[in-house]
Each structure stands twice: as C-alpha cells, then as structure tokens.
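Beneath this line is the structure, given in structure tokens, with notes to follow.
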Amino acid sequence: MKDSSFTDKLALLGGSKTINRPFKRYNPIGVEEVAAATKVVESGILSKFLGCWDTDFYGGPKVQEFERACESYFGVKHAITVNSWTSGLIAAVGAIGIEPGDEVIVSPWTMCASATAILHWNAIPVFADIEPETFNLDPKSVEANISPYTKAIIVPDIFGHPADMDSLMEIATRYDLKVISDTAQAPGAYYKDKYAGTIAHVGGYSLNYHKHIHTGEGGIIVTNDDDIAERLQLIRNHAEAVVGDKGTKNLVNMIGYNFRLGEIECAIGIEQLKKLKSLVTTRQRAAERLSEGLQGLEGLQTPIVKPGCTHAYYVYSMVLDVDRLGVSRDKIYSALVAEGVEGLTPGYANLHLLPMYQKKIAYGSQGFPWTSDICRRDINYNKGICPIAEELHEKKYLGYEMCLHDLSNDDLDLILSAFYKVWENLELLR
Ligand SMILES: *Cc1c(COP(=O)(O)O)cnc(C)c1O
C-alpha cells in the first residue's frame with residue numbers, strides 16, 4: 001500500500017495534497033425510500049395522530065408498521081417512534097419517573113442532548129469519566145459518582161461501540177437505578193447476543209441524517225417494560241390531555257409534548273431498517289481496511305473492539321501516544337487535514353466544560369436548578385472531574401467521522417496514504 005507519496009513534501013509544509021478529490025457523501029436513501037414516501041404522499045395521510053384518547057392516539061398505519069418492524073428487528077417488546085432522538089431521550093427520562101432534583105449520571109463524551117434531557121425534567125446531570133479504550137462510561141467512575149440522590153444512568157454507546165452493559169446493569173441493580181441507553185451512534189452493534197440499546201430499561205436510536213439509517217429527522221425508543229412504554233407514548237402525545245379518559249393512574253411526569261413522527265418518515269424508516277445490517281457491515285469492512293493499514297504506525301492506536309461486542313463505526317476512533325511520537329495531536333491533525341483528509345476531529349464533546357455547566361445558567365438567570373432547594377448538594381463541573389475524558393480531548397484523541405462519506409477502497413487507500421506520508425515525515429513536525 002505504500003507508494004511514492006511517502007517521500008513527497010507534507011502539504012502542511014507547502015507540498016502537494018494527497019487527496020485532491022471529494023469523496024461521495026454518505027446517502028443510504030434509494031429508490032425504495034422514494035417509492036415508499038411517494039405512496040404516503042399519494043394517500044394524502046401524512047399523519048394520523050390525535051392528541052386525545054382515541055384509536056388514533058397511537059398514530060397512523062406507517063407509524064404502526066414501522067414500530068412493529070423495529071420491535072421484531074431489535075428483539076424488543078415495544079418500539080415507539082419520535083420526531084428526534086433528542087425527543088426520545090427527554091421522553092425516556094420522564095417515563096422512568098425522574099423527580100426534580102434527582103441526580104442522573106451521564107458521560108461527558110456524548111452529544112449534548114444526552115445531558116440536557118435530564119435538565120428538561122429539572123433533574124441534575126452528574127458527569128462520570130470514560131474508559132480510555134472505548135470512550136464509554138467507566139463503571140468504576142459511575143459507581144464513585146453515585147450519591148443518595150442518584151436515580152438513573154444515561155449510557156451512550158459512543159462512536160458505535162457498546163458500553164460495558166453487564167457492569168453498568170449490575171451497578172444499577174445494586175443501587176436501584178434505572179438505565180437509559182443512548183445508542184444513537186451504534187444501531188446494529190451487538191453486545192453479546194443482543195443489539196446495543198436493548199439491554200437497558202429504555203434505549204433508542206436516532207434517525208437524523210448523520211446516522212447509519214435516517215428519515216431526515218426522527219428517533220426510535222425501545223423498551224421491554226410495558227409501564228414505561230405506556231408512559232413514553234403519553235409523553236410523546238400530549239399526556240395531560242389523555243390520562244383522564246385513558247384512566248392512567250400514575251400522573252408522575254405526565255406533561256406531554258408533540259414528539260410524534262410523521263407517516264412519510266415512518267414509511268422511509270421501514271425501508272431504511274431493511275438496509276441497516278448491510279450498511280453496518282459495509283462500515284465495518286471499511287474500518288477493518290483502515291485498521292489493517294494503520295496497524296504498523298508508531299504511536300497510533302486504532303479502534304478497539306471488546307470481546308463479545310461488534311462496532312458500528314459511526315466514528316473511527318484513534319488515540320495517539322503523543323509522548324512517544326514527540327508531536328502534538330493537533331500538529332498531526334493539521335498535517336492530515338492539509339493532506340486533504342476530511343472528517344477528522346481532534347477531541348470530543350467534554351460536555352461538563354460547556355458554558356451552561358461551567359456557569360450553571362440553564363433555566364432563567366438565577367442558576368436554576370443548581371441554586372434551588374431541589375438540588376440537595378453542590379454539584380462539581382470543574383475541570384478535573386473527568387481526567388481521562390479531558391486528557392483524551394486535549395491531547396490524544398483523533399476521530400475520523402466515517403459517517404460522512406460512502407467510502408470506496410480507493411478512498412480508504414488515499415486516507416491511508418495521507419497517514420503514511422505524515423508518519424514518514426514526523427521528524428519535520430517535531
Ligand atoms: C445524534 C445523537 C443524539 C441526538 O439525536 P437527534 O435525533 O439528532 O435528536 C443523541 N445522542 C447521541 C450520542 C447522538 O449521536
């Protein structure tokens with residue numbers, strides 16, 4: 001795979017770029033989705049939801065069909081569609097009965113909505129540190145962050161690799177906590193013999209256009225718990241107007257929203273779901289080609305796949321041994337970007353460092369909920385609370401967003417050539 005570009009001058013230092021053409025944008029939408037969406041448009045029924053206790057409370061034919069298809073695909077008792085996975089996370093936190101001031105442990109390495117879903121119910125996000133291998137919540141740090149007020153854990157399966165569910169569910173059982181899986185980035189990944197997202201009390205997937213399968217915007221919530229499923233459906237569709245006629249006894253968090261997904265999206269979702277397995281396999285083959293090619297590079301750790309797990313590769317995650325390399329991550333990142341590699345990210349979220357948490361300004365200007373009586377202790381969001389996440393973000397982590405492009409072998413080999421060229425010239429970056 002090595003070629004003459006090896007000896008070329010780095011683009012960062014004025015040489016020519018390794019990659020001079022754009023890669024094809026990822027687009028899993030095909031003729032099947034066009035036909036399915038067209039049929040719905042022709043039917044004239046673009047949604048059928050009614051926000052009252054009625055047979056249409058559960059939505060129209062495509063909503064029903066997509067939800068039943070998701071249940072059989074993911075092997076769960078209930079699948080509930082929503083207009084985004086952000087909505088799904090909010091509904092999930094409400095449905096498990098979180099009270100104002102309850103603490104919910106979450107990872108700093110996730111999309112911001114995993115943590116704001118907690119704040120939406122006036123509950124308090126508490127950030128635990130991550131494992132350096134998978135970037136998922138470290139069960140030891142989760143346990144160390146449990147307080148008398150902890151009620152739940154939100155567990156992302158970040159970048160496509162499932163979190164350590166056995167350990168996390170064991171901790172949850174021991175402390176009587178509920179677990180919500182945020183599997184937006186890992187649909188179709190396996191944890192042992194189950195799909196990621198289906199092991200927690202509630203889990204789910206995003207259908208936004210960056211994700212493996214999509215409907216433009218949308219989300220799927222999954223659960224095996226009948227009671228949680230009912231409450232999710234109520235929160236999705238104006239709970240407060242429905243509970244009376246429906247005879248719902250438990251009124252906790254029955255503040256409803258309009259989180260309903262449309263018929264067109266669900267018709268597209270039905271077709272997308274049929275393609276999920278092959279889309280994930282394609283991504284895995286591409287990642288394997290990258291890992292084989294990058295294996296020999298000094299000081300570069302390719303993504304790790306833990307025994308019993310499969311990786312869905314939303315992001316191809318690398319860690320640099322910067323001490324050994326004697327070059328900063330940011331320099332290597334800049335050199336690779338200059339070679340034309342698109343989709344690299346130096347570091348990741350570190351949510352606890354967002355201004356909202358640093359300044360504790362969320363609802364209004366007075367520091368609610370942290371300054372309110374409902375918050376029963378001082379919550380620490382200072383730099384230093386998640387040392388592994390912070391060091392990876394600042395110095396060592398380099399992500400490659402595989403979700404952006406439909407990568408051919410030629411594309412992958414060009415990416416490899418860019419890495420080889422940079423590694424061959426490390427001395428010049430020192
Ligand atoms: C995409 C994503 C979400 C949010 O999903 P939307 O459907 O865009 O609302 C939440 N969590 C993670 C980890 C994500 O990647």
Side-chain angles (χ1 to χ4, degrees), residues 26 28 66 70 79-94 104-120 125 127-128 130 134-137 152-163 165 168 179-189 191 195-197 200 202-222 232 235-236 257-262 265-266 268-269 272-273 276 279-280 283 311-317 343 345 347-352 354 389 393 397 399-404:
Y26 182 68
F66 184 35
C70 288
I80 294 140
T81 54
V82 274
N83 57 2
S84 75
W85 176 232
T86 298
S87 302
L89 285 163
I90 294 170
V93 174
V104 179
I105 295 174
V106 64
S107 171
W109 272 42
T110 179
M111 190 258 181
C112 57
S114 319
T116 48
I118 302 163
L119 282 168
H120 274 289
F127 294 98
I130 59 173
T134 64
F135 319 100
N136 283 318
L137 274 176
I153 317 170
I154 295 186
V155 180
D157 297 307
I158 210 66
F159 305 145
H161 191 291
M165 292 310 290
L168 292 164
V179 178
I180 298 171
S181 272
D182 179 349
T183 311
Q185 301 187 1
Y191 182 81
Y195 278 120
V202 201
Y205 313 98
S206 169
L207 294 170
N208 89 27
Y209 75 99
H210 300 284
K211 302 300 178 358
H212 289 70
I213 58 170
H214 80 94
T215 60
E217 304 286 351
I220 309 161
I221 318 173
V222 292
L232 288 166
I235 293 168
R236 168 176 71 177
Y257 292 86
N258 176 352
F259 285 163
R260 308 174 311 207
L261 191 61
E265 287 81 358
C266 288
I268 292 170
Q272 285 282 278
L273 192 62
L276 178 58
L279 290 167
V280 170
R283 205 71 77 82
H311 200 315
Y313 295 104
Y314 180 68
V315 173
Y316 184 87
S317 48
T345 50
Y348 194 58
N350 270 2
L351 293 183
H352 60 297
L354 290 178
H393 173 68
Y397 175 82
Y400 172 60
E401 298 195 320
M402 296 198 78
C403 51
L404 294 178

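The structure presented is a predicted model; accordingly, all values stated were derived computationally and were not measured. Computed over heavy atoms, backbone and side chain alike; hydrogens, waters and symmetry mates excluded. Just so you know, ligand 1 is whichever comes first in the structure, and atom 1 is the first atom listed for that ligand.
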Atoms in ligand 1 with a heavy atom of Ser84 nearer than 4.0 Å: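 The atoms of ligand 1 under 4.0 Å from a heavy atom of Ser84 are 7 (O), 9 (O).
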Numbered atoms and elements of ligand 1 in range of Gly218, under 4.0 angstrom, heavy atoms: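 Every atom of ligand 1 under 4.0 Å from some heavy atom of Gly218: 7 (O).
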Which heavy atom of [X] sits nearest to which heavy atom of [Y], and what is that distance?
X: Leu232; Y: Ile221; answer: CD1-CG2, 3.7 Å
X: Val280; Y: His212; answer: CG2-CD2, 3.9 Å
X: His352; Y: Phe127; answer: CB-CD1, 3.5 Å

Ligand 1 N/O within reach of Trp85 N/O, cut-off under 3.5 Å: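 Indeed, backbone or side chain, Trp85 has an N or O that close.
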From Gly204, Ala184, Ala113, Gly88 - option closest to atom 14 (C) of ligand 1 by heavy atom: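 It is Ala184 that holds the nearest heavy atom.
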Which protein non-hydrogen atom lies closest to [atom], naming both residue and atom, and how far is it?
atom: atom 8 (O) of ligand 1; result: Asn208 ND2, 2.7 Å
atom: atom 7 (O) of ligand 1; result: Ser206 OG, 2.7 Å
atom: atom 15 (O) of ligand 1; result: Gln185 NE2, 2.9 Å
atom: atom 11 (N) of ligand 1; result: Asp182 OD2, 2.7 Å
atom: atom 3 (C) of ligand 1; result: Met111 SD, 3.6 Å
atom: atom 1 (C) of ligand 1; result: Lys211 NZ, 1.6 Å
atom: atom 9 (O) of ligand 1; result: Thr86 OG1, 2.5 Å

Pair Thr110-Ser107, side-chain donor/acceptor within less than 3.5 Å: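 No, Ser107 and Thr110 have no side-chain donor paired with an acceptor closer than 3.5 Å.
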Exercise: do Trp85 and Asn208 side chains pair donor with acceptor under 3.5 Å: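 Side-chain D/A pair, Trp85 to Asn208: absent.
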Thr110, portion touching ligand 1 at heavy-atom distance under 4.0 Å: side chain
Nearest-0.5 Å distance, CD1 of residue Ile158 to CG of residue Asn136: 7.0 Å
Parallel, tilted or perpendicular, as decided by the 30° and 60° cut-offs, for the rings of Phe159 and Tyr397: parallel
Quiz item: cation-pi between Arg283 and Tyr26, 6.0 Å / 45°: yes
